[in-house]
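My questions all concern the structure below.
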Amino acid sequence: MAQTEDEAPYFTRSTEPVNLAVVRETADSVESFVPESHARGWWAPGTVHGRLLGGLLARALEREHAEEGLHFARLTVDLFRTAPFAPVGVTTQRVRDGRRIRVADAAVHGADGRPLARASAVLPRTAAPPPGHIPATGPWDAPPPQELLAPHGRTQFLRFDEESRPVREWSGDQRRRSWIRDARPLVGGEALSPLVRAALAADTASPLAHAGDAGLRYINADYTLSLSRLPLSDEIGLEATGHTAEDGIAVGHCTLYDAAGPIGYCTTTALANPAPER
């Protein structure tokens, strides 16, 4: 798989541990990271972007619990507390190690030791597929990522409609589609793995599914990424395939693709929230 990230990283590893005395005894691994300026959040100043927390969680789970013959089929990320723009600590813990399935948890903690986000991963053991035909999601009719992303230089997130025209704000019932290509490493000195790329892209399911004519007014509370396989390309494609909302709570659904075809789905829960002041 090609690796195209060539800009400054979002985080650097820190030798100064975050205060994790409460969880250190039960955690399988503990790491600390310092955010760089471009890791700032979109919703409020002085925060770390939530999608990057999901990336750190996926990275930690993969580093500590991946194994040949096991596949990261499901990753659920809960974003339940605003992350101050400050060093964070990441811990992981193996919950279950069975003959056919492994389950592991991870958490991001603030400088005071409080949890900011958490994730759980399910890793089934791969096997031969059963016989018979099952109707499946077909190939995407979107243009190849290079065709849309290349003319826009260093653009990492290109939204486009069914006519492949770039979209700035969604309106009406047009199909909501995007290609995402992360150019920055998540952690300094490390290439982005296919799983981390997918986890970073999955957070985009929320604005893709929940933005309206007046812009994005729902803040992401969680997302669940389900993958039948890992992406083979640096670019991840998303198409919004569902949105419902009531009483300020929205749930949405996106199909994920790489340059070779469909790879899985992402569901997201979001809460009504005022737009940030710019």
Side-chain angles (χ1 to χ4, degrees), residues 9-36 39-44 46-67 70 72-98 101-123 185-188 190 192-193 195-203 205-206 219-227 266-271:
Y10 288 111
F11 295 93
T12 55
R13 280 185 293 260
S14 174
T15 57
E16 296 294 329
V18 171
N19 180 22
L20 299 180
V22 176
V23 297
R24 193 177 296 276
E25 293 183 1
T26 59
D28 297 325
S29 66
V30 179
E31 291 184 283
S32 299
F33 304 92
V34 177
E36 300 296 329
R40 295 185 184 277
W42 184 81
W43 286 99
T47 63
V48 174
H49 201 297
R51 85 179 189 104
L52 302 179
L53 302 184
L56 287 178
L57 290 163
R59 171 192 173 276
L61 287 164
E62 183 175 41
R63 287 170 67 92
E64 295 299 323
H65 305 288
E67 183 180 302
L70 294 175
F72 273 89
R74 196 265 289 163
L75 175 72
T76 296
V77 175
D78 296 318
L79 302 167
F80 50 79
R81 181 174 286 136
T82 300
F85 193 81
V88 296
V90 182
T91 62
T92 73
Q93 183 178 17
R94 191 166 299 180
V95 176
R96 163 71 175 164
D97 216 2
I101 192 168
R102 174 175 292 174
V103 179
D105 290 347
V108 175
H109 303 261
D112 59 0
R114 293 196 308 168
L116 304 171
R118 67 183 181 186
S120 64
V122 174
L123 293 77
L186 179 65
V187 175
E190 297 179 8
L192 292 175
S193 73
L195 176 65
V196 172
R197 283 190 179 277
L200 289 169
D203 183 77
S206 184
I219 188 170
N220 197 8
D222 67 36
Y223 64 83
T224 293
L225 175 64
S226 300
L227 296 172
C266 185
T267 58
T268 175
T269 305
L271 310 177

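Keep in mind the model is a prediction, meaning the values are calculated, not measured. Computed over heavy atoms, backbone and side chain alike; hydrogens, waters and symmetry mates excluded.
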Working to the nearest 0.5 Å, report the span between CG of L70 and NE2 of H65.
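Between atom CG of L70 and atom NE2 of H65 there are 11.5 Å.
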
I'd like to check L61 versus F72 (side-chain heavy atoms, cut-off strictly below 4.5 Å). Are they in contact?
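Sidechains of F72 and L61: in contact.
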
Side chains of D203 and H49: closer than 4.5 Å at any heavy-atom pair?
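D203 vs H49: side chains touch.
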
Nearest non-hydrogen partners of S226 and R74, listed with the distance
OG-CG, 4.0 Å

Is there side-chain contact between F11 and E31, with at least one heavy-atom pair below 4.5 Å?
no

Got a donor-acceptor contact below 3.5 angstrom from the R102 side chain to the A121 backbone?
no

L57 and side-chain contact (heavy atoms from CB on, under 4.5 Å): which single residue from V108, T92, T91, L52 fits?
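Testing L57 for a side-chain contact (heavy atoms from CB on, under 4.5 Å) against V108, T92, T91, L52 leaves exactly one candidate, V108.
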
What's the shortest heavy-atom distance between V77 and A119, and which atoms?
CG2-CB, 4.1 Å

Short question: side chain of T268, backbone of D222 - any donor-acceptor pair under 3.5 Å?
yes

Do V48 and L116 touch side chain to side chain, with heavy atoms closer than 4.5 Å?
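A side-chain contact under 4.5 Å is absent here.
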
What is the minimum heavy-atom distance between A199 and G54, and which atoms define it?
CB-O, 4.1 Å

Side-chain contact, heavy-atom cut-off 4.5 Å: Y223 with R51?
no

Could you pull out the closest heavy-atom pair between F85 and E36, with the gap in Å?
CZ-O, 3.1 Å

So which heavy atom on L75 is nearest to which on A58, and how close?
CD2-CB, 3.9 Å

For the atom pair CG (L192) and CZ (R59), what is the distance rounded to the nearest 0.5 Å?
11.0 Å

4.5 Å side-chain heavy-atom contact, P9 and V187
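Answer no - side chains too far apart.
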
Main chain of E64, side chain of R94: is a donor-acceptor contact present, judged purely on distance under 3.5 Å?
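Confirmed, R94 side chain pairs with E64 backbone.
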
Please answer whether the main-chain N or O of A107 pairs with a side-chain N or O of R118 as donor and acceptor at a distance below 3.5 Å.
no

Return the CD1 to OG1 distance between I219 and T269, rounded to the nearest 0.5 Å.
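I219 atom CD1 to T269 atom OG1 measures 13.0 Å (nearest 0.5 Å).
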
About how many Å separate CG of N220 and CH2 of W42, when rounded to the nearest 0.5 Å?
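It is 12.0 Å, given to the nearest 0.5 Å.
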
Closest approach of F80 and P115, non-hydrogen atoms and distance?
CE1-O, 3.4 Å

